[in-house]
Amino acid sequence: MAAAGATLAGSEPARGQPGGQARARGGAGQPSPGALNGAGYPFSLGVASGSPLPTSVVLWTRILYDPFNAAAMPPLAMAVRWEVAHDEAFRSIAARGNALAAPELAHSVHVDVAGLEPGRWYWYRFMLGDAVSPVGRTRTAPAPDSMPAALKLAVASCQHWEFGSYAAHRHIAAAAPDLVAFLGDYIYEWGAYQRQHPGRAVRSDESYTLEQYRARYAQYKSDADLQAAHRAAPWILTWDDHEVANDYAADRDERLSATFAARRAAAYQAYYEHQPIRLTLQGGGYGTLRMHQRYDWGRLARFHVLDNRQHRAPQACTVGRGGSSSVYWRACAELRDPAREMLGRGQQRWLEQGLKESTARWNILAQQTLMAGGSQVPLVNGEAGRYWTDGWDGYPAARQRLYDALQGSGAANPLVLSGDVHTFYAAELTRDGRRPAGAGNPVLATEFCGTSITSGSRAQARTLQYVDMNPQLKYGRSDKRGYMLFDIGPERSRVQFLGLDDVRNPASPIATLASFTVPNSKMGSGLIKSATFN
Ligand code: FE
Ligand code: CA
C-alpha cells in the first residue's frame, strides 16, 4: 500500500460507491456523483453497527467529505436515508427510513433499527443525494430462549495510530465473526509520535477540545482496514483511559487539571458521535455517559460490559499528581482501603443483579484492565509484591467484591476479557492472586487478555518473569500485536491468540500463537483444560 493517499480507498468497494474513492480535495479520484457542491464523497469514514439486541441494532455513519478537514463541512443539518435488507443486493428490504445528520453532533448518524428478527444477518447502507455508502453486514442477537450452537467473537483493543498498520482489523474482517468486542483505547489522545502507520501523515496536537477529539476519530476511522472490521459485524464497545486522557480516574487526570471536567465531557461526546452505541445520558450534556450494558446471546452467553474508568476512585499513593504508579503492597495502605471503588457502587449493584439473574451458559465480563494479579517483583512466601496501580491490582478491595459477586451469584462459567496492557495473558482467577490455586483458594473465573491492535509493550523476557512470579498467570506474550478470536459453544469455549508477523506492514500475515479451551462446568471451575502453543 502506498504511503500517502491510500488510506481511504475501501479494500472492498461497495456497490454504488464509486471505486471506493473517498478523497476529494486534491485527491486523484473522481468526485462522487452524489457530492454536495462537488465537495466529495460523504461517507469517507465508512459505516458501523453495534449494540445488538434480539430485535434491534444501532447503525452508524458520519457525513464528512474529507476526514482531515472537518472545517469544510457546511454547518447544515442533512437528511440521510438508510436501508436494512435481508440480502446483500438489497432486493428484500427489511426496514428503511430517514435520519438527520446534525452539525451539533458532527453530522453523525445513529439509527436504532427496531422490529428486526432475532438471530439473523442483515445488510445496511446509507444514502445522501446520489451517494451511497459502503454496505455493512450486521446481525441481531439470538432469541432470548434459544441456545445457539456457536458464537464467533473477535476481541480487540488499543490501536495507537502512529504505532503501526491496522492489519489486525483486516484479519478480523476476514474471520467473519458474529460479533466484535472492543475493550478500549480506540483512540490515543496524545500529540504527535514518530509515525509507523502507513496512512497519511497527520500532525495532531494532544486532544483537549471537542473539535480535536472529533478530528482524532476522523483520522482513525479513515483507515480502510478499521472500516472493514466495522462493516463485517456488529460491535459492542467499552472505553479505557485514552479515549479521554492517559490514566484518568473519574474526574481526575494526571495533571490534576482544573478544567478536566470540560475536557472529559468533550471526549465523551466525541466518543458517542463516532460509535454505534445507544445514548444513555445521565443528567444534562455529556458530563456523564452510561457505558455499562448487558447483551445476551440467547442462553449461550451474557455480556456484562463494564466501565472501570468513569466511576473509579483515584489511583492509590500517587504523590503530587494524578495518574498511576507502581507501589509496594506494604508501603501503601491506601491501596487496601475498602472504601475505594473500581466500578462505583451503582455499577457494582447492577453487575451483582445481572450475574444473579443470569441463566446464560457463559457469563462474559467485557472490560478494560487486567484483573489477574501481576506483581512486578517476586512474591516472598506468597506475600506482598509490587503492583501497578491503574489496573485491578490497584483496587484489591473492589476486586474482592467483584469476586464475591461471582462466587455468590452462582453465575455459570465466568470469563473475563481485558485489554489495556498490550499483552496476551491467559489467567485462572482465584480469590487470592498471590497464592497458588487450591482448596482454600478456588478458581473463580478464567481471564483472557488481548494484546493490542498496534500499541507497544515491554520485552517478552520481562513478561515471562511476570508469568513466573504470579501464580494466576498461565501464559503471557507481549512481543506480538493482534487480537483474540473466540469460538464459544454450549460445551466449551476456545480462544486463539492471533499475532501479526509485522504490525508495520498492512499486508502482514497473522498466525495462532496459542489457543486455550475452557470446558463448560459448574460454578467454581474456570480452569483452562487444554492449551497449545506454537
Ligand atoms: Fe492502550
Ligand atoms: Ca489503557
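One-based numbering, in listed order, for ligands and for the atoms of each.
- When distances to the Fe ion (ligand 1) are checked against a cut-off of 2.8 Å, C158 contributes an N, O or S atom below that limit.
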- Full working for ring-ring contact (aromatic ring centres under 6.0 Å, His included) between H274 and Y213: CA-CA 10 Å; H274 292 85; Y213 283 107; over 10 Å; no

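- Atom OH of Y395 is separated from atom CG of L343 by 11.0 Å, given to the nearest 0.5 angstrom.
- Counting only protein atoms, the N, O or S atoms lying less than 3.0 Å from the Ca ion (ligand 2) are D185 OD2, D240 OD2, D241 OD1, D420 OD1, ordered by chain and residue number.
- In this structure, the ring of F497 has its center less than 6.0 angstrom from the ring center of F516.
- Looking at D185 and the Fe ion (ligand 1) together, the shortest N, O or S contact belongs to OD2.
- Under the 30°/60° scheme for interplanar angles, the aromatic rings of H160 and F163 are found to lie parallel.
- Side-chain contact annotation: T463 with R477, donor-acceptor N/O pair under 3.5 Å absent.
- Between Y220 and W161, the ring-plane angle classifies as tilted under the 30° and 60° cut-offs.
- Within the coordination shell of the Fe ion (ligand 1), defined by N, O or S atoms under 2.8 Å, S455 is absent.
- The pair D307-R290 fails the salt-bridge criterion, with no side-chain N (NZ, NE, NH1 or NH2) lying under 4.0 Å from an Asp/Glu carboxylate O.
- For the Fe ion (ligand 1), the set of nearby N, O or S atoms under 2.8 Å includes none belonging to D420.
- The Fe ion (ligand 1) has an N, O or S atom of H422 under 2.8 Å away, backbone or side chain.
- Environment of CZ in R504: sparse, with no more than 12 heavy atoms of neighbouring residues, nucleotides or ligands closer than 6.0 Å.
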